[in-house]
Amino acid sequence: MDVTNQTQVSEFIIVGFPDFKGLQTLLFPLLLIIYIFTISGNITIITLICTHCHLHVPLYIFVAILSFLEIWYTAVTIPKMLANLLNNKTISYHGCLLQIYFLHCLGITETYLLTAMAYDRYLAICNPLRYPSIMTPSCCFQLAGLCWFIGLIGPLAQIILLSRLYFCGLNKVEHIFCDFAPLINLSCSDTSLNFAVDFTINAIIICVAFTCIICSYAKILSAVLKISTKEGRKKAFSTCGAHLTVVTLFFGSVAFMYIRLTKSYPANYDRSMAVIYSVLTPMCNPIIYSLRNQEIRELIRKKLSKIM
């Protein structure tokens, strides 16, 4: 299409939840409560881990970093979703690109942080004698730093290609926030390269991380099955339960959302998947890591008993 005489849009309109127009007065307080719960829950976990020296071990260091990441991850999307429910549906062109970049930057960082946590569990269960000397606090922060680095550079190629597209008057984003696929679908430029690069990068990022996690847990399962006692097997698996639950929630929704075999999916499908990985999964993480972890659960119980 000839775009030389077209006007480039300066802002986008986020359509949001068009099927729930009559329920927006209920959706706003519900989403606000979820957001407050997510932020306060993650801050609670970070505070407990930072203020109790016996939790300064690799498992909990990674949990604290994950909680810190989730605070920023939700801050990228949920405040704008709340504004959308108050009929503030516009976002500037550059604001939209920034939202996409930080959404994917933090999402990729979380993907590889969960991978590093799987490696940590593999070392702890399969190589317990060498584990303290290999997985030191300094090694934890180095692995976390590597995850952040991968996250920072991961979406750059897609963002650069997206910024070169023309948007010829069509500016209604059929989604609950800015993302690659909804914006690419609005463009009047040739988007075949964008879709190819998008699919390739997303597939590589998700498949490499998921393969590493599967390999780690395959070796963990093999090692645990060799433990003779039922109590020993239960104890070994108990340290992996929370992580496996989070991985299933996060990778399941992200894979269905970003590994696309066709150029477009129904808008309601995209919205549903987006709500799962951007709202429900971050909300569940504090619950999962507090309820499925005996030490954190006990600390929360003691703090609540002092308040009561």
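No hydrogens, no waters, no symmetry mates; every other heavy atom, side chains included, goes into these values.
Between Tyr73 and Tyr277, the two ring planes are tilted [angle within 30° to 60°]. Relative orientation of the His243 and Tyr217 rings is parallel, given thresholds of 30° and 60° on the angle between their planes.
At least one donor-acceptor pair closer than 3.5 Å links the side chain of Ser187 to the backbone N or O of Tyr166. Judged by distance alone, with hydrogens and angles left aside, the side-chain atoms of Ser163 form a donor-acceptor pair with the main-chain N or O of Ile160 at under 3.5 Å. Within the 3.5 Å criterion, the main-chain N or O of Ile276 finds a donor-acceptor partner in the side chain of Thr281. Side-chain atoms of Glu11 do not come within 3.5 Å of backbone N or O of Thr90 as any donor-acceptor pair. Under the 3.5 Å distance criterion, the side-chain polar atoms of His56 are matched with a main-chain donor or acceptor of Cys50. No donor-acceptor pair under 3.5 Å is formed between the side chain of Thr136 and the backbone N or O of Ser133.
A salt bridge (Lys or Arg N to Asp or Glu O under 4.0 Å) check over residues 157-181, counting only residues at least two apart or in different chains, returns the pairs Glu174-Arg271.
Other residues, nucleotides and ligands place more than 12 heavy atoms under 6.0 Å from the OH atom of Tyr93. Residue-environment remark: NZ (Lys219) stays at or below the threshold of 12 foreign heavy atoms within 6.0 Å. Within a 6.0 Å radius of CZ in Phe102, no more than 12 heavy atoms belonging to other residues, nucleotides or ligands are found. Within 6.0 Å of atom NE2 in His52, more than 12 heavy atoms from other residues, nucleotides or ligands are found, so the atom counts as buried in its surroundings.
Hydrophobic clustering (ILVMFWY, side-chain heavy atoms < 4.5 Å, transitive): Phe195 and Leu193 are in distinct clusters. Transitive grouping of hydrophobic side chains (ILVMFWY, heavy atoms separated by less than 4.5 Å) brings Phe251 and Ile220 into a common cluster.
Looking at heavy atoms from C-beta onward, Ile153 lies out of side-chain contact with Ile108 at the 4.5 angstrom threshold. Residues Ile214 and Phe210 form a side-chain contact, since some pair of their non-hydrogen atoms from C-beta on lies under 4.5 Å apart. Within the 4.5 Å cutoff, the side chain of Leu106 has heavy atoms near those of the Leu69 side chain. In this structure, the side chains of Asp120 and Tyr131 come closer than 4.5 Å at one or more pairs of heavy atoms. By the 4.5 Å heavy-atom criterion applied to side chains, Leu162 and Leu165 are counted as neighbours. Side-chain contact between Phe250 and Thr111 is present, with at least one heavy-atom pair separated by less than 4.5 Å. Inter-residue side-chain proximity for Tyr112 and Leu143 is flagged as unmet; no heavy-atom pair is nearer than 4.5 Å. With a 4.5 Å cut-off on side-chain heavy atoms, Ile34 and Leu30 count as touching.
Of all heavy-atom pairs between Leu156 and Leu152, the closest is CG-O, 3.7 Å. Counting all heavy atoms, side chain and backbone alike, Asn84 lies closest to Gly16 at OD1-CA, 3.7 Å. Minimum heavy-atom separation, Pro286 to Ile45: CA-CD1, 3.6 Å. Shortest non-hydrogen contact noted between Ala116 and Phe62 is CB-CE2, 4.2 Å. Considering every non-hydrogen atom in both Gln158 and Asn202, the closest pair reads NE2-OD1, 3.5 Å. Leu55 and Leu48 get closest at one heavy-atom pair: CD1-O, 3.8 Å.
Remark: Ser67 pairs with Asn42 by the side-chain hydrogen bond (donor to acceptor under 3.5 Å, both in side chains) rule, at least two apart or across chains. Under the side-chain hydrogen bond (donor to acceptor under 3.5 Å, both in side chains) criterion, Tyr122 pairs with no residue, sequence neighbours left out.
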